[in-house]
Amino acid sequence: MSNRNERIFSIPFLMILVLSVISGSASYMVNPVLPAYLVSRGAPMEITGIISSLMSLVALFCRPFAGAASDRFNKKNIMVLSYVLSIGCLFLYSKANTVPMIIFVRILNGIAFSLSGTTSMAFSADFLPLSRLGEGLGYLI
């Protein structure tokens, strides 16, 4: 039985939670406008769907490696790197004016998204009381 008196929402946990929400929102805000932008750049409709889903596919395949990296290396450094990479990807989207460049940015964004999600969960566990770990991590999902 969990002790309800132990705090989940410490300052470090709240910072990770806010960063995760902002990062996820920013990455997913690109998705609705990407197909129209790809078509305007000459991408065929068949390829547009594949490119649009590329970030999610790359993130799916990178998650096991991101988990191993968060176990092996400094979680905070990986998390900071992944958020900086995510910000860089958002900037690169505005500069990508060819389909191959958009594909490159989608792949990079998928890697960054995978790293940020995985390491945020692992790093935030350090700031949660053990008796409420599941509840705290549930807020990040």
Side-chain angles (χ1 to χ4, degrees), residues 2-141:
S2 69
N3 183 358
R4 301 298 291 177
N5 294 330
E6 292 181 308
R7 289 183 51 206
I8 289 179
F9 296 105
S10 63
I11 298 297
F13 180 75
L14 283 172
M15 288 172 55
I16 295 169
L17 182 63
V18 168
L19 276 172
S20 295
V21 168
I22 291 170
S23 175
S25 298
S27 290
Y28 285 123
M29 280 186 200
V30 172
N31 289 347
V33 297
L34 189 63
Y37 184 69
L38 286 166
V39 169
S40 76
R41 292 292 172 207
M45 289 299 281
E46 298 82 21
I47 303 299
T48 299
I50 294 169
I51 295 171
S52 295
S53 63
L54 194 56
M55 184 190 95
S56 297
L57 290 171
V58 169
L60 176 71
F61 288 111
C62 286
R63 291 270 181 185
F65 302 107
S70 73
D71 288 340
R72 198 170 272 132
F73 303 110
N74 185 311
K75 293 177 196 86
K76 182 179 178 182
N77 291 342
I78 295 172
M79 192 175 73
V80 168
L81 174 72
S82 68
Y83 285 127
V84 168
L85 190 59
S86 293
I87 292 167
C89 287
L90 293 174
F91 175 74
L92 286 174
Y93 278 122
S94 69
K95 301 298 178 195
N97 53 11
T98 64
V99 174
M101 182 66 175
I102 295 169
I103 291 171
F104 172 75
V105 175
R106 286 303 273 181
I107 291 170
L108 204 59
N109 198 5
I111 293 168
F113 189 76
S114 174
L115 283 170
S116 66
T118 304
T119 55
S120 292
M121 292 285 278
F123 190 55
S124 65
D126 295 341
F127 302 108
L128 294 168
L130 192 57
S131 63
R132 297 183 73 187
L133 185 64
E135 181 183 356
L137 293 178
Y139 287 111
L140 285 169
I141 294 177

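Remember, it's a predicted structure, so these values are computed and weren't measured experimentally.
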Reported [atom1]-to-[atom2] distance for the pair [X] and [Y], which is rounded to 0.5 angstrom:
X: Leu85; Y: Leu108; atom1: CG; atom2: CG; value: 4.5 Å
X: Ile50; Y: Met45; atom1: CD1; atom2: CE; value: 12.0 Å
X: Thr118; Y: Asp71; atom1: OG1; atom2: CG; value: 10.0 Å
X: Ile102; Y: Ile107; atom1: CD1; atom2: CD1; value: 12.5 Å
X: Ile103; Y: Leu38; atom1: CD1; atom2: CG; value: 8.0 Å

4.5 Å side-chain heavy-atom contact, [X] and [Y]:
X: Met55; Y: Ser27; answer: yes
X: Met29; Y: Leu90; answer: no
X: Phe9; Y: Leu17; answer: yes
X: Val58; Y: Arg106; answer: no
X: Leu133; Y: Leu137; answer: yes
X: Lys76; Y: Thr119; answer: no
X: Leu128; Y: Glu135; answer: no
X: Asn97; Y: Tyr37; answer: yes

Donor-acceptor pair, side chain of Ser25 and main chain of Val21, under 3.5 angstrom: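 Yes; at least one donor-acceptor contact below 3.5 Å.
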
Keeping the roles fixed (side chain from Arg132, backbone from Arg7), state whether a donor-acceptor pair exists under 3.5 Å.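 Not confirmed, Arg132 side chain does not pair with Arg7 backbone.
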
If I compare all heavy atoms of [X] with all of [Y], which pair ends up nearest, and what's the gap?
X: Ser82; Y: Leu115; answer: CB-CB, 3.6 Å
X: Leu140; Y: Ser120; answer: CD1-O, 4.0 Å
X: Lys75; Y: Ser70; answer: CG-O, 3.3 Å
X: Ser86; Y: Ala112; answer: OG-CB, 3.5 Å
X: Pro35; Y: Asn31; answer: CD-O, 3.2 Å
X: Ala43; Y: Val99; answer: CB-CG2, 3.8 Å

Run through Ile16, Leu19, Leu14 and flag the one making a side chain to side chain contact (heavy atoms under 4.5 Å, CB included) with Ser124.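 By the side chain to side chain contact (heavy atoms under 4.5 Å, CB included) criterion, Ser124 pairs with just one of Ile16, Leu19, Leu14: Ile16.
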
Aromatic centroids of Tyr83 and Phe113 separated by under 6.0 Å: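 Between Phe113 and Tyr83, the centre distance exceeds or equals 6.0 Å.
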
Could you check, using the six-membered ring where one of them is a Trp, whether Phe61 and Phe65 have ring centers closer than 6.0 angstrom?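 No, ring centres 6.0 Å or more apart.
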
Which is it for Leu92 and Asn109 under the side chain to side chain contact (heavy atoms under 4.5 Å, CB included) test, yes or no, and what are the steps along the way? CA-CA 10 Å; Leu92 286 174; Asn109 198 5; over 6 Å; no

Residues two or more places apart in sequence or in another chain: which of them pass ring-ring contact (aromatic ring centres under 6.0 Å, His included) with Tyr93?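 In terms of ring-ring contact (aromatic ring centres under 6.0 Å, His included), with neighbours along the sequence ignored, Tyr93 is linked to no residue.
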
